[in-house]
Amino acid sequence: MSTERRTQYEIYWEILVFCRTPRSFTSIVHRCDFNSKTGQDYIEFLISKGYLSRTIEGEKATYRATGRAGEYIALFTELYRKLFDTIPGFKLCCPGNCPPA
Amino acid sequence: MTDTIHSRFSRELNGFYLITLLYVIFGALAMAFAIHYIVSSVLGLTGGQPLSFLRIITAAISMIGFGLGLSWIVLSVEILDGIDDIRSAVKDWTTPVPDEILTGGIVRMIAHYREHTKTIRTMILVCTLGGFCFLALGIISSIEFFSFSLSSGTITLKSYLLIPSALLALAVAIVSLASSFYFSRFSKAWDLRESVISRAEQELVETLERDSR
């Protein structure tokens, strides 16, 4: 994802979904497109919530989403899908024939 | 369900892409017309034609139109760039689209909208102003090539050559005003989504707080 403006909740969701398979710190930072300091803060927060687990093998640490993250991921997915399910969207139609937005 | 949301999302993206592309094309046309009007006003002066009030007004509006056309293109390209990336990614999706992929696309689009909300609002304004500028140019040109005699009640057409440029100016005006209308609709739909997200965030906070106990 690019450097577009995302909320912290969107970033948490993105990290958790990406970490469904074990990922290195570098790959998370690269994928979510933030600097190391910001990435570290987000990862530490998710670890403190028990949503992310850290495994250290030798010198390499990998991160994986835990079962507890499932509820957050499911709720987030549901909320964002609702945006297209319940809210009338944008349509290219003739002025006057458009349904109310 | 996923396919329905997927198709809605794709439709919205395609619609928005099309309007933004139209913005770029008509922005270029607007600039071309503005230059045409500026040049013809100046050439008229060097050709020994009298300096009329109508000519000064035309030149002034053309210059404003040129500036608006330029900012029109710059702003549109900025928006188009991000939309094109998202659209290309969505095109590569194979149905049924997994929930995470679809949600990721929605998040990306919302983030893109959030980042460019100001630009989109400016575009709506620029396009509306541009539309009125070209509407004025079209009307002024129409006045220039028609002469009306009060005594005989006849209308005389001065030059057939001016008709296409006046009609094109009117066409640019109509398209730019229509684009503003669609951009406003798009903006309204996404503003509503933004406000729903802000309210929904409370639920996410509660989940995070509950899990920290």
Side-chain angles (χ1 to χ4, degrees), chain A residues 1-21 31-33 42 45-52 65-101, chain B residues 1-2 4-9 11-16 18-19 82 85-86 99-117 178 181-201 203-212:
Chain A
M1 199 174 280
S2 67
T3 51
E4 291 153 335
R5 232 187 278 168
R6 289 161 290 167
T7 65
Q8 53 182 322
Y9 308 104
E10 288 165 355
I11 293 170
Y12 295 151
W13 175 84
E14 205 185 337
I15 295 172
L16 293 173
V17 168
F18 185 60
C19 291
R20 279 198 161 150
T21 52
R31 161 77 181 220
C32 300
D33 197 18
Y42 282 121
F45 175 81
L46 289 170
I47 290 172
S48 73
K49 296 285 174 191
Y51 284 0
L52 213 55
T66 64
R68 286 181 75 179
E71 194 190 343
Y72 180 84
I73 293 173
L75 178 66
F76 184 95
T77 306
E78 191 197 325
L79 291 172
Y80 275 68
R81 283 166 54 98
K82 261 189 197 168
L83 297 176
F84 277 84
D85 234 0
T86 53
I87 296 171
F90 163 71
K91 268 183 192 169
L92 273 180
C93 53
C94 296
N97 289 333
C98 293
Chain B
M1 185 70 86
T2 305
T4 313
I5 296 171
H6 172 213
S7 55
R8 277 185 211 165
F9 181 59
R11 224 179 12 246
E12 281 202 31
L13 265 181
N14 289 336
F16 188 55
L18 193 73
I19 297 174
D85 287 348
I86 301 169
D99 276 355
E100 280 102 46
I101 303 277
L102 182 58
T103 311
I106 295 171
V107 169
R108 231 180 132 178
M109 185 58 214
I110 285 170
H112 183 68
Y113 177 73
R114 225 176 260 143
E115 199 187 359
H116 292 100
T117 307
F181 168 79
Y182 286 120
F183 248 90
S184 306
R185 285 189 64 83
F186 177 83
S187 192
K188 254 186 207 169
W190 284 86
D191 279 345
L192 188 61
R193 287 189 179 122
E194 263 288 280
S195 64
V196 171
I197 289 171
S198 301
R199 287 199 299 272
E201 274 179 359
E203 277 186 65
L204 294 170
V205 171
E206 280 166 18
T207 309
L208 284 170
E209 280 173 358
R210 194 171 54 237
D211 285 335
S212 62

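Each chain gets a letter, A, B and so on, in the order its sequence line appears, and its residues count up from 1.
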Check: Going through the checks in order, is the side-chain contact (heavy atoms from CB on, under 4.5 Å) test met by A/Glu10 and B/Ile110?
Finding: CA-CA 10 Å; A/Glu10 288 165 355; B/Ile110 285 170; 4.1 Å; yes
So, taking the atom named [atom1] in [X] and the one named [atom2] in [Y], what distance separates them when rounded to the nearest 0.5 Å?
{"X": "B/Glu100", "Y": "A/Leu16", "atom1": "CD", "atom2": "CG", "result": "11.0 Å"}
{"X": "A/Leu75", "Y": "B/Glu206", "atom1": "CG", "atom2": "CD", "result": "9.5 Å"}
{"X": "B/Thr117", "Y": "A/Arg5", "atom1": "OG1", "atom2": "CZ", "result": "7.0 Å"}
{"X": "A/Ile73", "Y": "B/Thr207", "atom1": "CD1", "atom2": "OG1", "result": "12.0 Å"}
{"X": "B/Asp99", "Y": "A/Arg81", "atom1": "CG", "atom2": "CZ", "result": "4.5 Å"}
{"X": "B/Phe9", "Y": "A/Leu83", "atom1": "CZ", "atom2": "CG", "result": "10.5 Å"}

Item checked: Contacting moiety of A/Tyr9, where chain B heavy atoms sit under 4.5 Å ->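 It is the side chain, since no backbone atom gets that close.
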Of all the heavy-atom pairs spanning [X] and [Y], show the shortest one and how long it is.
{"X": "B/Glu201", "Y": "A/Thr7", "answer": "OE2-CG2, 3.3 Å"}
{"X": "B/Ile106", "Y": "A/Tyr80", "answer": "CD1-O, 3.8 Å"}
{"X": "B/Arg114", "Y": "A/Arg6", "answer": "NH1-CA, 3.6 Å"}

Check: Are any of the side-chain heavy atoms of A/Tyr12 and B/Leu204 separated by less than 4.5 Å?
Finding: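 Result no, sub-4.5 Å side-chain heavy-atom pair not found.
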Next item on the list: Would you mind reporting whether B/Arg193 and A/Phe84 have side-chain heavy atoms less than 4.5 Å apart?
Entry: yes
